[in-house]
Amino acid sequence: MWPLLVPVLLLFNESSWLNPILASIYKEKHHETVLLLRHSQQSNAFSLERLSSPVFNFNEQMDFYVKGSHNNEMLVLFWQTGNSNLDSDLWQALDRSLLNMRTVRVLLLRKWEKVPTIDIANTAEHWRFLHVAVIAHGNRIFRLQPYAPQRWLEIDPEKSPIFVKVRNYHGKDILTLPDQFPPRSIVYRNAKTGGLEMTGYVYKFLLEFTRMYNFTFRWQRPIVPGERLNLILLRNMTLNGTINMPISLCGFETSSRFGVFSNVYVMENWYIMVPRAQQIPTADVYVVVCSKNFLLVLLISYCIFTILDTCFGPLLLQKRVDWSNLMLNERMISGIVGQSFNMSARNTISSRVTNATLFLLGLVLGTLFAAHLKTLLTKRPTSRQISNFEQLRDSHVTVLFEKAEQFYLDDNMWERPIRVIKDRLTFKDTVEYIELRSGLNRSQAFSILTSEWLIVAKRQELFKQPVYTVQPELQIIGTSVLLSLVMQSNSIYEHHINDLIERVQGAGIVEYWKQQTLREMVTLGMISQKDPYTHIAFREFKVGDMFWVWIWLACFLIVAFFIFFIELLVNCPNRKRQ
């Protein structure tokens, strides 16, 4: 590489006229190096003169990725021959080596022409070099006006810059397709005019881009409202040259010979949207009330007062010990839960104090139990919320992903917390996936980006009980997902797109476009805020609401029958003896 870097520029004998032009170009915008491109068969009939600028001297065999080793600020001196075949070889060499560097300034040396032809303009536009100037006969300088009716404009370097940024593309078309994934791009039919219209925060950005630089959209095929094209499909259609740039976003990648990716347009989080915890059934309220702590208090209180009651008989009243009271003392059970009971050993002060204590305990426990039960019956608590991948794995919920997202679930992804549910993932086609996600089925969980979650949240805004939620620990990737616009390689839009992205992000317009899109979707009826689930504020108790009460009653009846049967077996021999 370095032998190609020579300190001299090979030019013809009247090179003194070129120095002011190069100085003027350098003053307009500094360049680090100069690339001299001329054909190997071109005769060198001119004398040489030294210049101080570092120069790369190449011919048609040039195959050197300039962007990978040097900065973009480079001036190309393209010494043309006038032979279409030889010049075509030079254009191809320039295209190979200046991959994704279409903002480079190219100065064509065509001293034999009085005025550059349309063919030269078409050739430069074909290779997507738009910052082009021509030095023609008599040192006249012409600047290319890309896609304009008048392609060449003669300029005076002393009065006007030789190279200027292209601000007007005169209706140059952008071959594209929308993904129709809300809120990125949405196609709908206007109810009044019957024509197709579009909205979406990506569409609004590109619409502003076309307005600023006078581009026009041209559809690769007729648009069908509701035809959703996933991001990987549009990405591949762009990289293989089917379209120039989609109205969509995809994950940021390094630019290559297949395509270029804009600066990051938005950073979004990637979650798994899970069913929101709902109110438990009325029957389960009794399970919540009779919690472990409550039952533990009852058990300890029962044991303490049962032992005291058992001791009062033999110690104070000189009665025989009834050991069955230690197992089942109905008097203490009644007192603990605040029910009436028959007091014994009431002639002793200790008995009275104990019974008074039992009365106070029963009063407190009964009041707390009743208050807690009434509160929970009025406003039932919610079930346990799925908040991490382990809980999601152990739940009955089906986890659904779109097939296009499988592209980003590479081997490195399974080193993240999501590996816990790797075997639970189910991938669906785009259309089926969208239908399932819009169905708000509580038995399913879905992958979702932040912008898509805005739609779901807006839809649930007026629900009495929201159906879905996102939890911080259910984030698929710990960092934000970088989303950008994909373009063909050597795209003429790249520089302008990146400039506009920086400006709209700095002004906060992207978030405004997102909220504006949501409002438009509500107005157009695309986001229905009608609650699909009916919620009854109050209803009378039914038999099913006492489910656990009936279960406990049945269990105790069975136990009572079993004990009664044992007692019969035990007492039968005694009766026969009598």
Side-chain angles (χ1 to χ4, degrees), residues 269-292 376-377 379-406 408-409 413-450 452-453 455-457 459-461 463-478 528 530-536 539 542-552 554-555:
N269 294 326
W270 190 9
Y271 293 103
I272 292 183
M273 179 179 72
V274 294
R276 191 185 182 98
Q278 301 295 313
Q279 286 186 349
I280 64 175
T282 303
D284 292 342
V285 169
Y286 293 93
V287 179
V288 176
V289 173
C290 298
S291 61
K292 293 180 180 179
L376 295 182
L377 288 176
K379 185 176 181 181
R380 300 190 302 275
T382 59
S383 58
R384 188 180 71 166
Q385 176 64 57
I386 299 174
S387 58
N388 55 52
F389 288 107
E390 288 75 15
Q391 294 175 358
L392 181 59
R393 176 196 59 196
D394 299 334
S395 69
H396 65 279
V397 175
T398 303
V399 185
L400 301 180
F401 274 68
E402 186 192 355
K403 277 190 176 179
E405 295 172 330
Q406 197 170 4
Y408 294 105
L409 295 175
M413 181 68 69
W414 303 123
E415 298 178 0
R416 302 175 184 270
I418 193 178
R419 67 181 181 276
V420 174
I421 60 169
K422 180 179 181 180
D423 298 331
R424 295 284 309 276
L425 303 185
T426 303
F427 295 92
K428 298 289 185 180
D429 291 330
T430 300
V431 176
E432 182 182 5
Y433 178 81
I434 295 300
E435 290 179 355
L436 291 172
R437 192 169 70 181
S438 61
L440 298 181
N441 188 337
R442 291 192 179 112
S443 64
Q444 297 168 335
F446 303 88
S447 71
I448 195 166
L449 292 172
T450 304
E452 297 169 335
W453 169 248
I455 297 177
V456 180
R459 183 179 178 184
Q460 301 181 117
E461 199 171 47
F463 287 12
K464 291 183 179 179
Q465 292 186 32
V467 183
Y468 278 98
T469 183
V470 291
Q471 298 293 318
E473 293 186 22
L474 286 174
Q475 191 170 345
I476 298 174
I477 300 177
S528 173
K530 183 179 180 181
D531 195 340
Y533 299 95
T534 56
H535 300 279
I536 301 175
R539 65 178 178 83
K542 297 182 179 180
V543 175
D545 296 333
M546 305 288 288
F547 174 79
W548 289 107
V549 176
W550 305 131
I551 291 294
W552 279 104
C555 290

Donor-acceptor contact below 3.5 Å, side chain D531 vs main chain K464: yes
Non-hydrogen side-chain atoms of L392 and V399 separated by less than 4.5 Å: yes
Nearest-0.5 Å distance, CG of residue L400 to CD of residue Q444: 5.0 Å
Heavy-atom pair of closest approach, residues W270 and S447: NE1-CB, 3.6 Å
Gap between atom CG of N441 and atom CD of E435 - 0.5 Å precision: 13.5 Å
R437 and E452, any side-chain heavy atoms less than 4.5 Å apart: yes
Closest non-hydrogen atom pair, N388 against L474: C-CD2, 3.5 Å
Nearest non-hydrogen partners of V397 and A445, listed with the distance: CG1-N, 3.4 Å
R459 side-chain N/O to S438 backbone N/O, donor-acceptor pair under 3.5 Å: yes
Atom of R442, atom of Q278 and distance for their closest heavy-atom approach: NH2-OE1, 3.2 Å
Expected output: side-chain Q460 to main-chain V467 donor-acceptor under 3.5 Å: yes
Selection residues 420-430 - residue pairs positive for side-chain hydrogen bond (donor to acceptor under 3.5 Å, both in side chains), sequence neighbours left out: N230-T430, E402-T430, K403-D429
Side chain proximity check, I272 to I476, heavy atoms < 4.5 angstrom: yes
Nearest atoms (heavy-atom pairs only) where F389 meets I421: O-CG2, 3.5 Å
Residue pair Y408 / I477, side-chain heavy-atom distance below 4.5 Å: no
Residue pair L440 / F463: nearest heavy atoms and the distance that separates them: CD1-CE2, 3.9 Å
Heavy-atom side-chain proximity of Y468 to R276 below 4.5 angstrom: no
